[in-house]
Amino acid sequence: METETATRWLTEEEQCAWRTHLEVNRLLTYQLEKDLQPFGLTMNDYEILVNLSEAEGVRLRMSDLAAATLQSKSRLSHQITRMENADLVRRENCESDRRGLYAVLTDHGLETMKKVAPHHVASVRRHFIDLATPEGLSDLSNTLKPIAEHLRGLRGRP
């Protein structure tokens, strides 16, 4: 027989922290997305370009890219199709696995990254980094690291 456990409701302080986190996450994502619009990119586009630009050979298996960007394979496939149409990425067959595909950063995609990255970093600084003290950023990192590790562990990723 299953035993009921009492719900541990959030304290006022916990609820304030949680709701502030949600609001900052939404507002910051909105603003960063808005700042990418003049370049014709979304945050998802930019995240894919970053992952590919940092990968060996500027390419990743589609399944690895889906995992890295927390997208379903189907959603990523649609995203990559749109980005292919903009000549930012291309797909290549995987030599070792006939069913596998790579997403590969094109020369135009790399040039786009080089052009957009300074603007994006300036936006991150303006709307996040420069609004916190160095101590605050350190505290935030120390607070969020174990949460990120826990959530990655739930996904089976280190």
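This chain uses plain numbering: 1 for the first residue, then up along the sequence. Because only heavy atoms are used, hydrogens play no part in the values below, and waters and symmetry mates are left out as well, while side chains stay in.
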Just by modelled atom types, is the Asp87 backbone N or O under 3.5 Å from a matching donor or acceptor in the Thr106 side chain? yes
Spacing of CG belonging to Leu60 relative to CG belonging to Asn51, to within rounding of 0.5 Å: 6.5 Å
Okay, side chain of Ser138, backbone of Pro134: is any donor-acceptor separation there less than 3.5 Å? no
Ile80: which of Arg82, Glu84, His78 passes side-chain contact (heavy atoms from CB on, under 4.5 Å): Glu84
Any donor and acceptor pair, going by atom type alone, linking the side chain of Thr112 with main-chain N or O of His108 inside 3.5 Å? yes
Atom CG of Asn142 with >12 non-hydrogen neighbours under 6.0 angstrom: yes
I need the minimum non-hydrogen distance between Gly100 and Arg61, along with the two atoms involved. CA-NH2, 3.8 Å
Rounded to the nearest 0.5 Å, how far apart are OG1 of Thr20 and CD of Gln15? 10.0 Å
Would the number of heavy atoms belonging to other residues, nucleotides or ligands and lying under 6.0 Å from CZ of Phe39 be above 12? yes
Let me check something: do Val24 and Tyr30 share a hydrophobic cluster, defined by ILVMFWY side-chain heavy atoms less than 4.5 Å apart, either directly or through other members? no
The side-chain contact (heavy atoms from CB on, under 4.5 Å) partner of Val116 among Val121, Asp45, Leu36 is Leu36
Tell me whether the count of non-hydrogen atoms from other residues, nucleotides or ligands lying under 6.0 Å of CZ in Arg126 goes above 12. yes
Where is the tightest heavy-atom contact between Glu47 and Ala68, given as atom of each residue plus distance? OE2-O, 3.8 Å
For His119, is there any backbone N or O sitting under 3.5 Å from a side-chain donor or acceptor partner on Ser123? no
Heavy-atom pair with the smallest gap, counting every atom of Leu52 and Val104: CD1-C, 4.3 Å
If you group Ile, Leu, Val, Met, Phe, Trp and Tyr by side-chain heavy-atom gaps below 4.5 Å, do Met62 and Val50 land in one group? yes
On a heavy-atom basis, the closest approach of Met113 and Pro118 is O-CD, 4.4 Å
Heavy-atom pair with the smallest gap, counting every atom of Leu137 and Phe128: CD2-CE2, 4.2 Å
